[in-house]
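Just so we're on the same page: letters track the sequence lines, and every chain starts at 1.
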There are 2 protein chains.
Amino acid sequence: MKKQSLEDRRESLGETVTAGIRRLLVEGEFTPGQRLSEIALCERLGVSRNTLREAFRTLAHEGLVTHQPHRGVFVTRPDAASIVEIYRLRRFIECRALSEAWPSHPAVKEMRTAVEDARTYRERQDWLAVGTANMAFHGAIVALGDSARLDDFFRQVLAELRLAFGLMSDKEWLHAPYVEMNQQVLETFEKGDTKAAVALLEQYLAQSERIVLAAWERQGAS
Amino acid sequence: MKKQSLEDRRESLGETVTAGIRRLLVEGEFTPGQRLSEIALCERLGVSRNTLREAFRTLAHEGLVTHQPHRGVFVTRPDAASIVEIYRLRRFIECRALSEAWPSHPAVKEMRTAVEDARTYRERQDWLAVGTANMAFHGAIVALGDSARLDDFFRQVLAELRLAFGLMSDKEWLHAPYVEMNQQVLETFEKGDTKAAVALLEQYLAQSERIVLAAWERQGAS
DNA sequence: GTCAGGGCTATTGTTGAACAATCGATACGG
DNA sequence: CCGTATCGATTGTTCAACAATAGCCCTGAC
């Protein structure tokens with residue numbers, strides 16, 4: 001099979017495939033717990049098994065996918081403990097990054113962009129995009145900490161959390177309320193009241209955790 | 001080529017290879033910046049190129065190795081900015097984990113074990129092992145935070161830092177002083193004076209950063 | 001002598017096929 | 001009903017081939 005030559009891609013095919021599967025996972029194309037057949041995905045993506053397996057390794061390392069030897073790779077199904085752990089991590093990382101942030105840090109602009117994007121998509125009722133903008137907002141908060149390694153790690157954790165969102169049907173209820181809260185956090189922070197902004201963020205995260213956990217208990221038994 | 005049947009390994013060959021290369025890397029078998037030829041490593045490890053490439057993907061994701069398309073994978077050569085960033089991360093993570101720790105957390109036992117191991121190896125002048133025990137000590141501190149994801153991330157960051165150690169020749173000077181300091185941190189913490197323990201740890205990390213940075217400037221120009 | 005250009009070579013990127021190893025299910029016998 | 005042997009499907013791993021690229025050397029013009 002020939003493909004390579006559709007575009008002059010700078011990244012290798014393997015990386016393209018990894019990014020593609022990651023997108024499918026985060027957007028909820030697959031159901032948590034579902035097995036990802038090598039052969040089926042090979043054909044769907046038009047790549048060889050070896051290339052696909054390289055992508056699987058990366059995704060497994062990111063936690064989006066779980067590898068069980070001789071059984072296959074499965075879409076990670078977050079359990080309640082994981083959700084709790086991830087929110088604890090988020091409070092740990094985000095709150096600290098925000099509280100120590102330099103007020104005119106470049107990432108503040110990214111925060112504002114994310115808020116505006118979220119408002120736009122909310123009007124169109126594009127909840128998937130609203131969720132992505134939400135992630136970008138919180139990613140920007142972590143970026144205030146000026147650590148590329150922490151940024152990557154945080155993105156990864158957020159992507160894993162988003163897998164749990166796939167268990168829920170009501171996307172509007174899941175994402176819409178936070179558009180306003182994000183904006184409130186941002187405005188409070190820009191006003192110079194860092195302490196209050198952190199408190200808002202903490203409250204935000206606690207509420208989000210409750211909602212996600214509740215939905216998990218209803219839908220994702222086991 | 002047959003191999004597989006020497007032992008009844010539970011983990012796949014690919015994971016064995018990944019772990020093996022990782023060990024070689026952190027033990028300083030390779031020089032930072034050195035190119036790792038696929039063919040040479042294939043033969044040395046007795047695996048196929050595909051399997052080796054899967055391992056490379058994982059290690060690149062961990063940051064121990066840098067992939068340059070169509071040029072090969074190179075042992076990551078930490079720059080000064082990376083060293084500074086990693087120490088900032090360490091202060092961020094370790095100090096917070098220690099300050100919020102439950103005094104009788106199981107990981108405290110691991111901390112003590114690591115301190116004792118370090119003393120043992122120091123007597124034998126086995127500085128590589130002392131360094132490993134040191135890493136275990138700090139890994140145990142992070143484990144106080146009860147987050148498996150953070151533990152993994154931290155281990156990864158520490159492994160990357162250890163690459164920089166490979167640039168230095170005087171291993172004794174690099175590792176020996178911290179055996180006592182680790183013990184001091186542990187004893188202060190066990191005495192119940194968490195605040196003082198955190199202060200000690202912070203001072204420890206600052207000193208370590210200075211030493212590593214100084215050595216980097218001397219040896220690893222560019 | 002130096003620099004630009006062009007091809008050569010070694011290496012990486014990717015594929016497809018082959019076989020071994022293992023898991024799960026099914027069928028069989030007690 | 002339960003244990004066990006067998007079988008099929010899937011994963012694990014290797015190999016060989018070819019495409020694509022980067023770096024090198026060699027040539028030639030100025």
Can you tell me the distance, in whole Å, between the [atom1] atom of [X] and the [atom2] atom of [N]?
X: B/Phe74; N: D/dG23; atom1: CZ; atom2: C1'; answer: 11 Å
X: B/Glu54; N: D/dG12; atom1: CD; atom2: C1'; answer: 9 Å
X: B/Arg53; N: D/dT13; atom1: CZ; atom2: C1'; answer: 15 Å
X: A/Glu43; N: C/dT15; atom1: CD; atom2: C1'; answer: 14 Å
X: A/Glu38; N: C/dA21; atom1: CD; atom2: C1'; answer: 14 Å

Got a salt bridge between B/Arg119 and B/Glu123, using NZ or NE/NH1/NH2 to carboxylate O under 4.0 Å?
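Looking at B/Arg119 and B/Glu123, the cut-off is not met.
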Lys/Arg-Asp/Glu bridge criterion (N-O < 4.0 Å) met for B/Arg88, B/Glu94
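Salt bridge: no.
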Report the nucleotide, chosen from [options], that has the shortest atom-to-atom distance to any side-chain atom of [X].
X: B/Leu13; options: C/dT14, D/dT14, D/dG12; value: D/dT14
X: B/His70; options: C/dT15, D/dG12, D/dA22; value: D/dA22
X: B/Ile39; options: C/dT12, C/dG16, D/dT11; value: C/dT12
X: B/Asn50; options: C/dG16, D/dT13, D/dT11; value: C/dG16
X: A/Arg35; options: C/dT12, D/dT11, D/dG12; value: D/dT11
X: B/Thr51; options: D/dT11, D/dT14, D/dA17; value: D/dT14
X: A/Ser48; options: C/dT15, D/dT11, D/dT14; value: C/dT15

Could you check A/Arg71 against A/Glu15 and say which one's nearest nucleotide on DNA chain C is further toward the 5' end?
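Looking at DNA chain C, the more 5' nearest nucleotide goes with A/Glu15.
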If you assign B/Ser37 and A/Leu52 each to the DNA chain C nucleotide with the nearest heavy atom, which residue ends up on the more 5' nucleotide?
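Result of the comparison: B/Ser37.
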Considering just the side-chain nitrogens and oxygens of B/Arg49, establish if one lies under 4.0 Å of OP1 or OP2 belonging to C/dG13.
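Answer is no, no contact under 4.0 Å.
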Parallel, tilted or perpendicular: rings of B/Tyr204 and B/Tyr178 (30°, 60°)
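Ring orientation of B/Tyr178 relative to B/Tyr204: tilted.
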Is the backbone of B/Ser82 close enough, under 3.5 Å, to the side chain of B/Glu85 for a donor and an acceptor to pair up by distance?
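Between the backbone of B/Ser82 and the side chain of B/Glu85 there is no qualifying donor-acceptor contact (under 3.5 Å).
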Is there a donor-acceptor contact under 3.5 Å from the side chain of B/Thr16 to the main chain of B/Ser12?
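Yes, because the side chain of B/Thr16 sits within donor-acceptor range (under 3.5 Å) of the backbone of B/Ser12.
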